[in-house]
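Inspection log for the structure reproduced underneath, given as structure tokens.
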Amino acid sequence: MAVLVTRPDERGKQLVEMLSQSGVAALHLPLFTLEEGYELVNLPTRLNQLNAGDYVFLVSKSAVDFADKILKKTNNVWRKDLHFFTVGERTAQYFSCQSERNVRYPICSESSEGLLELPEMQFLQGKQILILRANSGRDFFRKQAELRGALVSYVECYRREPLLYDAEEKINICKRLGVNTIVATSLDIVQSLLTFVPENDQAWLKQCTLITVSQRIANFTKEAGWANVVISPKADNTSLLNTLLKTH
């Protein structure tokens, strides 16, 4: 087995190192980098405008990183009178370590659907929910929360900037390495892959086993033409590594 890891930045590099230590050949090819969001500077003000008891939803570790950085830079802290949520345990643990605040997250289903099943999400009339995310993302949670009476808004804490490569050269490297498995942890990455890989290499791409992290992404990839799709139970690198090692 040889694995192409598309997860951006340090987390992608870490997964490649973990695979190498396990005796698995791996190549890191992030398709975009993460940069400071255009609305990040407004975050301290937006947090201060919330009422006591309102909700803050951090969609990823990257949202935590960029948000915590701007708060520290502006001598602000995470308010004790707000309630904080994530969709995953690892992001919750990471945020808790950074902020020293309690975090709520779904245990059984690390997704927007799971988050909406939490007791705190059942009665949202008049509740403000501030979502800290990238420059794009899924709107399912917002729409469902608004149907329950919440007032939902976003802060773009980070943005995805495409990285430019010679696509033909990179795909040839993958083929020479014998890549037959690809890790794609978001719909944005999958869509970037489909755009990045030249038309004459699409058959190779879709013959690879795809490792992803949700049924929603898996459904999209199967419709796009992948036959072999495996869902990791969680999106952290340890879970991804275990899924990869079990797959082959």
Side-chain angles (χ1 to χ4, degrees), residues 1-34 59-62 87-91 94 109-111 134 136-138 160-248:
M1 173 174 63
V3 180
L4 178 65
V5 175
T6 58
R7 171 165 259 186
D9 297 342
E10 291 303 316
R11 295 181 186 98
K13 294 178 183 177
Q14 182 189 46
L15 181 56
V16 168
E17 291 173 1
M18 293 167 70
L19 285 162
S20 297
Q21 291 168 4
S22 299
V24 177
L27 175 69
H28 189 214
L29 185 66
L31 298 175
F32 48 75
T33 186
L34 304 180
V59 303
S60 65
K61 285 185 177 180
S62 296
V87 295
E89 179 182 7
R90 294 303 178 98
T91 302
Y94 187 68
S109 175
E110 295 194 350
S111 64
S136 62
R138 192 183 181 201
R160 303 178 182 94
E161 290 292 335
L163 291 169
L164 301 178
Y165 302 106
D166 182 325
E168 187 173 342
E169 177 188 3
K170 291 297 184 183
I171 298 307
N172 285 336
I173 292 172
C174 290
K175 289 180 176 179
R176 288 199 299 271
L177 185 64
V179 166
N180 59 2
T181 305
I182 300 174
V183 177
T185 54
S186 72
L187 192 57
D188 286 304
I189 291 175
V190 173
Q191 291 170 329
S192 295
L193 263 176
L194 289 168
T195 302
F196 174 74
V197 175
E199 184 64 34
N200 60 332
D201 287 312
Q202 288 283 319
W204 165 83
L205 174 67
K206 292 167 186 176
Q207 286 171 0
C208 292
T209 297
L210 191 75
I211 308 295
T212 192
V213 297
S214 77
Q215 188 62 56
R216 179 176 63 94
I217 301 172
N219 291 343
F220 177 88
T221 58
K222 289 176 182 177
E223 290 176 4
W226 269 276
N228 300 313
V229 182
V230 178
I231 302 174
S232 172
K234 295 184 180 181
D236 63 278
N237 281 342
T238 299
S239 297
L240 288 167
L241 176 65
N242 290 337
T243 299
L244 284 160
L245 295 178
K246 290 176 182 177
T247 301
H248 293 273

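One-based numbering along the sequence shown. Remember, it's a predicted structure, so these values are computed and weren't measured experimentally.
- Remark: R138 engages E113 in a side-chain hydrogen bond (donor to acceptor under 3.5 Å, both in side chains) (not counting sequence neighbours).
- A2 and L177 make their closest contact through CB-O, 3.6 Å (heavy atoms, listed as atom of the first residue, atom of the second, distance).
- Inspection of the E223 and N219 side chains reveals no N or O donor paired with an N or O acceptor under 3.5 Å.
- Distance check: F220 CZ to S214 OG gives 11.5 Å after rounding to the nearest 0.5 Å.
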Please list every donor-acceptor pair under 3.5 Å in which a side-chain atom of residues 160-168 meets a protein atom from a residue at least two apart or in another chain.
residue	atom	partner	partner atom	Å
R160	NH1	S136	O	3.4
R160	NH1	S136	OG	3.1
R160	NH1	D188	OD2	3.1
R160	NH2	D188	OD2	3.4
E161	OE2	R159	NE	2.7
Y165	OH	P30	O	2.7
D166	OD1	E168	N	3.2
D166	OD1	E169	N	3.1

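- Under the rule for a salt bridge (charged side-chain N to carboxylate O under 4.0 Å, His left out), the partners of E10 that lie at least two apart in sequence or sit in another chain are K13.
- The side-chain hydrogen bond (donor to acceptor under 3.5 Å, both in side chains) pairs that include a residue from residues 176-186 are T181-H248, where partners are two or more places apart or lie in different chains.
- To the nearest 0.5 Å, the span separating CG on D9 from CZ on F32 amounts to 9.0 Å.
- Between atom CD of residue E110 and atom CG of residue D236 there is a gap of 7.5 Å, rounded to the nearest 0.5 Å.
- Nearest heavy-atom pair across L31 and L193 is CD1-N, 3.5 Å.
- Of all heavy-atom pairs spanning A26 and L19, the tightest one is CB-CD1, 3.8 Å.
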| task | Decide yes or no on side chain to side chain contact (heavy atoms under 4.5 Å, CB included) for L240 and L15, but give the supporting numbers first. | result | CA-CA 8 Å; L240 288 167; L15 181 56; 4.1 Å; yes
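- In this structure, T6 and A184 approach most closely via the heavy-atom pair OG1-CA, 3.6 Å.
- Side chains of V16 and L27 form no contact here, defined as non-hydrogen atoms less than 4.5 Å apart.
- One distance of note links NZ of K246 with CD1 of I211; it measures 12.0 Å at 0.5 Å rounding.
- A distance of 8.5 Å separates CZ in R11 from CD in Q14, rounded to the nearest 0.5 Å.
- Side-chain atoms of T91 and V59, non-hydrogen and from C-beta on, never get closer than 4.5 Å to each other.
- Listed by first and then second residue, the salt bridge (charged side-chain N to carboxylate O under 4.0 Å, His left out) pairs that reach into residues 198-210 are K175-D201, sequence neighbours excluded.
- Between P8 and I189 there is a side-chain heavy-atom pair separated by less than 4.5 Å.
- Sorted by first and then second residue, the side-chain hydrogen bond (donor to acceptor under 3.5 Å, both in side chains) pairs with a member in residues 224-235 read E89-K234, S232-T243; sequence neighbours excluded.
- Side-chain contact between I182 and L205 is present, with heavy atoms from C-beta onward closer than 4.5 Å.
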